[in-house]
Visitor: 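Quick one: structure below, then a few questions.
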Amino acid sequence: MTTRTARIDVGGMSCANCSGTVEDAVGALDGVTDATANFATDAATVTYDPTAADLAGVCAAISDAGYTPITADTTIPVHGMTCANCAQTIEDAVADAPGVLDVSANFATDDAHLTYVPAAFDRDAVHAAITDAGYDPIDADSDTGASTQTAADEARDAERRRQRIRLAFGAVLSAPLLFFVADTFLFGGAVVPDSFTVGGLTIPFGWAEFALATPVYVVLGRSFLSNSYAALVRNGTANMDVLVALGSTTAYVYSLASLLGVLAGGGLYFDTAALILVFITLGNYLEARSKSQASDALRELLEMEANTARLVDADGETREIPADDVEVGDRLKVKPGEQIPTDGVVVSGESAVDESMVTGESVPVSKAPGDDVVGATINENGVLVVQATKVGADTAIQQIVTTVRDAQSRQPDIQRLADRISAYFVPAVIANAVFWGAVWWFAPGLLADVVSALPLWGLVSGGPAAVGTGEFAVVVFASAVLIACPCALGLATPAATMIGTSIGAKHGVLFQGGDVLERVTELDAVVFDKTGTLTTGAMELTDVEAVAAVPDGGTATRSDAAVDEDAVLRLAAAAESNSEHPLGTAIVAGAEDRGLDVPAVDAFENVPGKGIVATVDGRRVRVGNRALLTSADIDPAPAADAMERLEREGKTAMLVAVDDRVAGVVADADTVKPEAAATVDALQDRGLDVHMITGDNERTARAVAADVGVSPEHVRAGVLPGEKADAVDAIQAGDADAMMVGDGVNDAPALATAHVGAAIGSGTDVAIEAADVTLMRDDPADVIQAIRIGEGTLAKIKQNLFWALGYNTAMIPLASLGLLQPVLAAGAMAVSSVSVLTNSLLFGRYTPDEDYSLLGR
């Protein structure tokens, strides 16, 4: 038995018992012969029989045991794929490489996306597996960022140039052969004589055809023949190259045998053999061009990055350096009209910045000290000094490119239909061609009378009487293998997905995978978190009310009520001074605006979902909701009237207790986003239920819900962060699919639970792991953009599949019945894949917000 040993880094182990749990979970798997785990090194070592177990199963067992196997992703550009069957071959070849958990090859993007265990991964072995399968992996300097994208673009450009040269060579030599084709079709062979004389030497025209066609067959056909050999002999599969090689070789060998007299009276099809290869090469060239155009969106993003930066030295002097040399912490001067070199934070200056290339927002955004800026955006009018916070592959532009590229590797479920068909397609086509070739060879009379009555018979084929029974069988065989096109079928989904994800990136909507594009079209409900999603999240202190005298320790010169309010606010602000919650930040800012001196905190405790407990000036201060006080046996009744009144006004009211007595109430207000109500209305017009989840109290939640148009029965208030996932589960009960829209941090469990998780992010935070969709503009209306892009992409996929399947359904019977010449079949085959790519490229003009009339855009 051959075994394999792999090391897997494991997160979450904290003691020897954890190690034992991991060992037991992994050791119980069939095929695992040994498993050891060490919590000191945070790793497990597994020895297993690869024929009976795999790393994916091992990682699943570790996850089920409650720990986290450490995995990573990489994308490897691959040169040489010609159809979906090639992608499947690469997946089968790489799946067995050390450390590989999952692999998805994409014919449209010319790459393979791998999920792997870093400690067990062997990149060289993966490259060797791809090479052994007959394809060319392209080396890059790193797994992410510009290097991989550039390597893929360079390989695609090289392939386009190669196909163009091949096409020019074949076209020049094949052009004279068109006269023979025209003579056969239009004049029945009456124009071109059987021979010509040169210097007294009579040369049959067949040898002239041979002289022109042979270089074309050798040069253009060589790659198809070698790829066919690799597919059939190395991999035991059949792909598009096999069909092209069969069709062209059949025509060439039959013609050569006739020319040499091996087949007495046989016709010559050298023109057919050459023109088949020229037409297919033309299709490959146009396909390479289309693929390049489809990736233009990502290339344009990368080209937007600044080439240089103006570094500010410690003494204030500036000097120009390459943008690649910028390091985190460097200060950079950006003049009006210049690109911001990298992600950073403004340290001095004020300006408006055009962020449209990143977020899709056309209106420039005002920037001042403390504001984040995104690399490659344009500084409009003022001079800014920016401190770099992210460089290289960590910048927003690079993250967007990586996210979109990875998304293109994850295909929708509808792709499974194409994959299932493609797996059997080429063998079925060959079997069909052999069957009909045999029928026309051995029993042409069975069909000749019926088929000859069809209008296309004489025009397209000439019939068996015109070319001879044996010849016609060869023509049918060649046409039947050439007319089928797995290329169009293989391109239908990934080409549309590639364009759809690029459209999203241009409009500030990042999809984590092509499967997400499909899932957003299946929604029954949309669930919004309130704070920061439907509201701005910028809380402001609005009210302070004292319900009991709280001496502030100072000399009062104002009324007791005013002094009590200041004392309540002063203690509340002190308690909240160590909190990062927006409600607490607003209280502290409100106290400072009123000129109050906020004392230091002696002790501080955050009670999740309830509030803050702190010691201030020796006094026990609690700031939070009713549950915080009741859990400490403090009666909130004295403040009940004030709480209810403020909550009815849509404000978030918090109780303040000092030394176990209610002292007062402070209230913050959050502004509803201008787009929120129109977004909710538009979603409801689409037939979707709109829900709102919030940790706020019932009254505040209902006040906000009324402002934005969410029905009261769809409001869930007082939901703790850990309970949001359960709330989403409850909404999705009964096979309802929901999109959860939140901030991607506190809402991470709910985002992961929902059918689609959408995180409202920002231009500098695009890698939100729990979310399926990132909305970069902080705009709830982009939920509709995401849905519309998904609908547009799925519609384009269905159009492509309809064309690809419809083409084959219509054309294969015509070729089988002898109604298509091989040259026409080859031309139609080339046109089919190009038409699918062209249809997808036209989708690139789609603008999802053009139909935003409901949102006033």
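Sequence positions, counted from 1, serve as the residue numbers for this chain.
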Visitor: Taking all non-hydrogen atoms of both residues, which atom of Gly664 and which atom of Val547 are closest, and how far apart?
Guide: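 So the minimum-distance heavy-atom pair works out to N-CG2, 3.6 Å.
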Visitor: Going by side chain to side chain contact (heavy atoms under 4.5 Å, CB included), Asp685 matches just one of Leu683, Asp681, Leu688. Which one?
Guide: Asp681
Visitor: Under the side chain to side chain contact (heavy atoms under 4.5 Å, CB included) rule, what do Leu655 and Arg626 come out as? Steps first, then yes or no, please.
Guide: CA-CA 7 Å; Leu655 294 160; Arg626 296 172 179 83; 4.0 Å; yes
Visitor: How long is the straight-line distance from CD of Gln512 back to OG1 of Thr774, given to the nearest 0.5 Å?
Guide: 5.5 Å
Visitor: Strictly distance-based, threshold 3.5 Å: is any side-chain N or O of Thr535 a donor or acceptor partner for the main-chain N or O of Lys530?
Guide: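 Yes; at least one donor-acceptor contact below 3.5 Å.
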Visitor: Indicate whether any N or O donor in one side chain lies under 3.5 Å from an N or O acceptor in the other, for Ser579 and Asn606.
Guide: no
Visitor: Calculate, to the nearest 0.5 Å, the distance between atoms CG and CG belonging to Leu596 and Leu571 respectively.
Guide: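 One finds 10.5 Å between CG of Leu596 and CG of Leu571.
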Visitor: Can you name the one residue among Thr700, Asp668, Asp543 that meets side-chain hydrogen bond (donor to acceptor under 3.5 Å, both in side chains) with Lys651?
Guide: Asp543
Visitor: May I ask you to decide whether Glu545 forms a salt bridge with Arg645, counting only side-chain N to carboxylate O separations under 4.0 Å?
Guide: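 The answer is yes: the pair qualifies as a salt bridge.
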Visitor: Is it true that Asp529 and Lys724 have a side-chain N and a carboxylate O under 4.0 angstrom from each other?
Guide: yes
Visitor: Would you say the side-chain atoms of Glu522 and His755 include a donor-acceptor pair closer than 3.5 Å?
Guide: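 Yes, because at least one side-chain N or O of Glu522 sits under 3.5 Å from a partner of the opposite role on His755.
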Visitor: Would you kindly say whether Asn381 and Ser351 are connected by a side-chain donor-acceptor distance under 3.5 Å?
Guide: yes
Visitor: Closer than 4.0 angstrom, basic N to acidic O: yes or no for Asp772 and Arg519?
Guide: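 Yes, charged N to carboxylate O under 4.0 Å.
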Visitor: Hey, mind stepping through His691 and Arg716 against side chain to side chain contact (heavy atoms under 4.5 Å, CB included) and telling me if it holds?
Guide: CA-CA 8 Å; His691 299 253; Arg716 286 172 167 79; 3.7 Å; yes
Visitor: Begin with the C-alpha distance, continue with both residues' side-chain angles, and end with the deciding distance and a verdict on side chain to side chain contact (heavy atoms under 4.5 Å, CB included) for Ile378 and Val353.
Guide: CA-CA 6 Å; Ile378 306 297; Val353 175; 5.9 Å; no
